[in-house]
Amino acid sequence: MPKRVFIKTFGCQMNVYDSARMADTLRPYGYIVADTSNDADLVILNTCHIREKAAEKVYSELGTIRRLKVAKTRRGGRMIVAVAGCVAQAEGDEIMRRAPCVDLVVGPQSYHRLPGLVARAQHDGDTHLLDTSFPAEPKFDFLPEASAPGGVTAFLTVQEGCDKFCSFCVVPYTRGAEYSRPVAQILEEARGFLSNGVREITLLGQNVNAYHGRGPGGREWRLGELIRSLAEFSGLERIRYTTSHPHDVDDALVAAHREVAQLMPFLHLPVQSGSDRVLARMNRLHTADDYRRIVERLRSARPDLALSTDLIVGHPGETDGDFQKTLEFVGEIGFAQAFSFKYSPRPGTPAASAEEQVPGAVKTERLAALQLLLTRQQRDFNSAFVGRTLLLLLEKPGRYEGQLIGRSPYLQSVHIPASADRIGEIVPALILSASVNSLAGSLAAVETG
Ligand code: SF4
């Protein structure tokens, strides 16, 4: 009888990808993916450490899992509980100490060893298994072939880890040094996705445009070359990549935006602050002017390009003047979308122990002002499409009967009346209305782009 694994994913798309790969590693050992943790034989929490209170969320979830585990034991069964991901990496020992229901903890770079750890927990009765090492062998070399994503869009991790060490960020400590997968491995995975009906691939990496994989003939390929190569695959209609760093936007990538039609004109390019003083304190390796120049180059290559970004308010040392510069910068670049957060200290990062921490009330006030501006810009961006035609990739059923949700080139969700058999098609839609978070439209007769 197959065993059931329930995987709960917290955080970013990279964790979504990792969870799918964890399921891939377990499938040959008889595990099928379950929709709920009730009665699962194995529960994995794939955690994220980027946002505040991440660890608290994990402990609270573990409280629920513990009750399910006790109930299953009473029925004569066995539930193995695993914690994976960045909280596991950062707080493995603490998790073991505070949550005795956890049998094993595995870091983001060692989850290819999951089947062995699960077997030890299951057959040898070992508990308190901890593997948060950064193995010399890249895990991708040991993972089985990625299974079909089950939709028309797919994430594909091409790069992991980061060497940038921004003052506020835990990624270099939890995911380790920058690593790029070999070109051949990526192309093979993409081919597999396409043969299963995928039409859009988002290339993932913590610092995706730092990609530098070994290409044919041993030559080093950067992200721009990888995108060009993928664009030659028949059936791949759309390519995206995230998350990028301004410092690594090179000429080949700008040229890819100019010349590769499948590369969508929507780019997530985190800036974090509009003040050079704060950017220097953040160790961001770019100034506001550098960012302006990059955006100019990208927009001259692809005039219809829209940008989203990440912003942090209240980094240690941020003054009212610095914050004002961020507001002005946001307006000047005209971001179509953004993720904005109050700075919150991550233990072990340089900013956590910096002096001049900004009081909580000031951070709250600044975030509210910034989000007001961002919401207005996002609404204006969406409203500008009313009366125009956009090409949509029809992705999934909407909330109502006879409705589908499609994605525009700018990643906007667009609700349109259409039958489910059209999922996977790219269709022109006339946009009839817009709100901050989505658009509504109807199928249009002519493609106008
Ligand atoms: S570049 Fe991104 S992932 Fe790397 S340290 Fe900075 S914020 Fe973190």
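Just so you know, ligand 1 is whichever comes first in the structure, and atom 1 is the first atom listed for that ligand. Everything numeric in this text was worked out from a predicted model, so none of it was measured.
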Within 45° cone and under 6.0 Å: R4 NZ/CZ vs Y31 ring: no
For R281, the option from E356, E318, E355 that meets salt bridge (charged side-chain N to carboxylate O under 4.0 Å, His left out): E356
Parallel, tilted or perpendicular, as decided by the 30° and 60° cut-offs, for the rings of F335 and F329: tilted
Protein residues having a heavy atom less than 4.0 Å from any atom of ligand 1: C162, K164, F165, C166, F168, C169, V171, P172, H245, R284
Candidate list E395, E237, E200, test salt bridge (charged side-chain N to carboxylate O under 4.0 Å, His left out), partner R407, passing option: E395
Partners meeting side chain to side chain contact (heavy atoms under 4.5 Å, CB included) with V16 (sequence neighbours left out): T9, F155
Flag side-chain contact, heavy atom, 4.5 Å: L392 against I426: no
